[in-house]
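Below: one structure, written as structure tokens.
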2 protein chains.
Amino acid sequence: MRALILFACLSVGCLAQRPKPCTSPPLLTGSLSVASQSEKLMAYAKYSYDALGKRIRLREFGSYNNKTFHFDVLLLFRERVMYKINYKNQTCCKKPLSADFHPMEIPRNASLLGQVVVGSSSGPGQGLLVNSWWGELQMKKGPAKYMSTVTEFGCIPVSTLFHASSGWMVTNFFNNVIGLVDPQQLIPPRFCEGAQLEERLDEEPETFFTLF
Amino acid sequence: MRALILFACLSVGCLAQRPKPCTSPPLLTGSLSVASQSEKLMAYAKYSYDALGKRIRLREFGSYNNKTFHFDVLLLFRERVMYKINYKNQTCCKKPLSADFHPMEIPRNASLLGQVVVGSSSGPGQGLLVNSWWGELQMKKGPAKYMSTVTEFGCIPVSTLFHASSGWMVTNFFNNVIGLVDPQQLIPPRFCEGAQLEERLDEEPETFFTLF
């Protein structure tokens, strides 16, 4: 009987060891880089992420078609508005936001690609245990495949590879910390107060919504 | 005077903190994946690396131009020979190897791109401190740029991005362990003993030599 219980416990323990789709911590601050296969898009961004308040701030710069760009957006999904912020000119552009908030997570229907150690498990501080998942998403422009890697401990995003008809795009996350380093980043700056809601121009950065 | 000494010690300490080009451990075993920008080449390999004996074993499979391939090579740089091994048919192809052995290292003249945490530094086991370096290499086909990422602790390879005229190629290393898991991998199998040295056909996998 005791052996049976031990066996049952061990098998449950073993089953529990298999990585499961997970949700990242609700508050995160960090950096990310984005690169497209065609080298058309290369960008670097600092982000603040609040899944409790459904808010994302992105301060991004990079190049698109060999032209540099800079943008600073605050996405407030609950209020369904998006602010494009220009600190230099102290101007603000307020636009409707139709997309739904997607928490940073591995979808329930994702398939486990594998678990690997980045670096080495031979010494302390030399390696990081990560899980890679893949799946398909139904996008406006048709189905797209994704491959997402998160840490085994903490479900911290590491990288996302997104493959659509236009080729693939890779996002690498780094310098993530749990929590909000500056919560004020998620509040519209004072000079945004008077901003009028503008017409939507169908130029929402869909890629970022899908990434998160 | 004491303050001056303290200041001197602190500044030396701070200078010492700046990441320096490093050499990976002389014995490594692990896996790697290679992908080219064009998606022409996608490969996965298990490697054994011995910088003391200047030997590398690569067992690789993947696809090139939508055709799958498999190869198993043992590179003995001291003896300047390379074995192409086929376990299934128990055949062996012995070829001259003209390339020099390149240890896995960050070249002395590489420039530091930055130090980041992959994952998060907020909790134990959630992050990995890595240094990224870049530089130029003079290749047969002209200059090529590289970006190489290694762990801060242990100088374990994480990824290498290699940019030549044909586009870029990315190698990701994972499941590395310090030491040789199976030292026999670096000795030609018995059925290779009778193999005759064949003519060189200029088809050496230059990319791997440059990666290491």
Side-chain angles (χ1 to χ4, degrees), chain A residues 22 24-25 27-33 35-40 42 44 46 49 104 113-132 145 147 149-159 161 163 167-170 172-181, chain B residues 22 24-25 27-33 35-40 42 44 46 49 104 113-132 145 147 149-159 161 163 167-170 172-181:
Chain A
C22 59
S24 296
L27 304 176
L28 278 173
T29 309
S31 298
L32 55 89
S33 68
S36 68
Q37 182 178 12
S38 58
E39 295 183 52
K40 242 173 141 179
M42 301 276 273
Y44 167 85
K46 292 200 169 199
Y49 164 83
M104 272 167 141
L113 205 66
Q115 181 175 74
V116 300
V117 172
V118 180
S120 168
S121 50
S122 293
Q126 295 184 356
L128 179 65
L129 191 61
V130 299
N131 299 320
S132 289
K145 278 182 188 158
M147 194 186 106
T149 302
V150 295
T151 61
E152 162 70 23
F153 302 108
C155 197
I156 309 292
V158 171
S159 69
L161 208 130
H163 198 292
W168 48 260
M169 210 169 84
V170 62
N172 284 302
F173 293 84
F174 51 93
N175 292 352
N176 307 288
V177 289
I178 296 176
L180 296 173
V181 171
Chain B
C22 59
S24 296
L27 304 175
L28 278 173
T29 309
S31 298
L32 55 91
S33 69
S36 68
Q37 182 178 13
S38 59
E39 296 182 50
K40 243 172 139 179
M42 302 275 274
Y44 167 86
K46 292 199 171 202
Y49 164 84
M104 273 168 140
L113 206 65
Q115 181 176 73
V116 300
V117 173
V118 179
S120 169
S121 49
S122 295
Q126 296 184 357
L128 180 64
L129 192 61
V130 299
N131 300 321
S132 290
K145 278 181 188 158
M147 193 186 105
T149 302
V150 295
T151 61
E152 162 70 24
F153 301 108
C155 197
I156 309 293
V158 171
S159 70
L161 208 130
H163 198 294
W168 49 260
M169 210 170 83
V170 62
N172 284 302
F173 294 84
F174 52 92
N175 293 351
N176 307 289
V177 289
I178 296 176
L180 296 173
V181 172

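Below, chain A is the first sequence line, B the second, and so on; all start at residue 1. Remember, it's a predicted structure, so these values are computed and weren't measured experimentally. Side chains included, hydrogens not; waters and symmetry mates left out as well; all remaining heavy atoms used.
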I need the residue from A:S38, A:S159, A:G127, A:G167 with the largest number of non-hydrogen atom pairs under 4.5 Å to chain B.
A:G127

For each of A:N172, A:V150, A:V116, A:V130, tally heavy-atom pairs with chain B at distances under 4.5 Å, and name the one with the top tally.
A:V116

With only heavy atoms counted, which part of B:P25 is less than 4.5 Å from chain A, the side chain, the backbone, both or neither?
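For B:P25, there is no contact with chain A at all, as no heavy atom is under 4.5 Å.
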
When you measure from the side chain of B:Q126 to the backbone N and O of A:I156, does any donor-acceptor pair fall under 3.5 Å?
no

Keeping the roles fixed (side chain from A:N175, backbone from B:V117), state whether a donor-acceptor pair exists under 3.5 Å.
yes

Are B:V118 and A:V158 close enough that some pair of their side-chain heavy atoms sits under 4.5 Å apart?
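Yes. Closest side-chain heavy atoms under 4.5 Å.
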
Would you find more than 12 non-hydrogen atoms of other residues, nucleotides or ligands less than 6.0 Å from B:M42 atom CE?
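Check fails, neighbour count at 12 or below.
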
Of the listed residues (B:G179, B:P124, B:P157, B:G119), which shares the most heavy-atom pairs with chain A below a 4.5 Å separation?
B:G119

I need the A:F174 CZ to B:T149 OG1 distance, nearest 0.5 Å.
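Between atom CZ of A:F174 and atom OG1 of B:T149 there are 10.5 Å.
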
Could you tell me which non-hydrogen atom of B:I178 sits nearest to which non-hydrogen atom of A:S122, and how far apart they are?
N-OG, 2.7 Å

Shortest non-hydrogen contact from B:S120 to A:V177?
OG-CA, 3.9 Å

Examine whether an atom of A:T151 lies under 4.5 Å from a heavy atom of chain B, and if so say whether it belongs to the side chain, the backbone or both; otherwise answer neither.
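Contact with chain B involves the side chain of A:T151 alone.
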
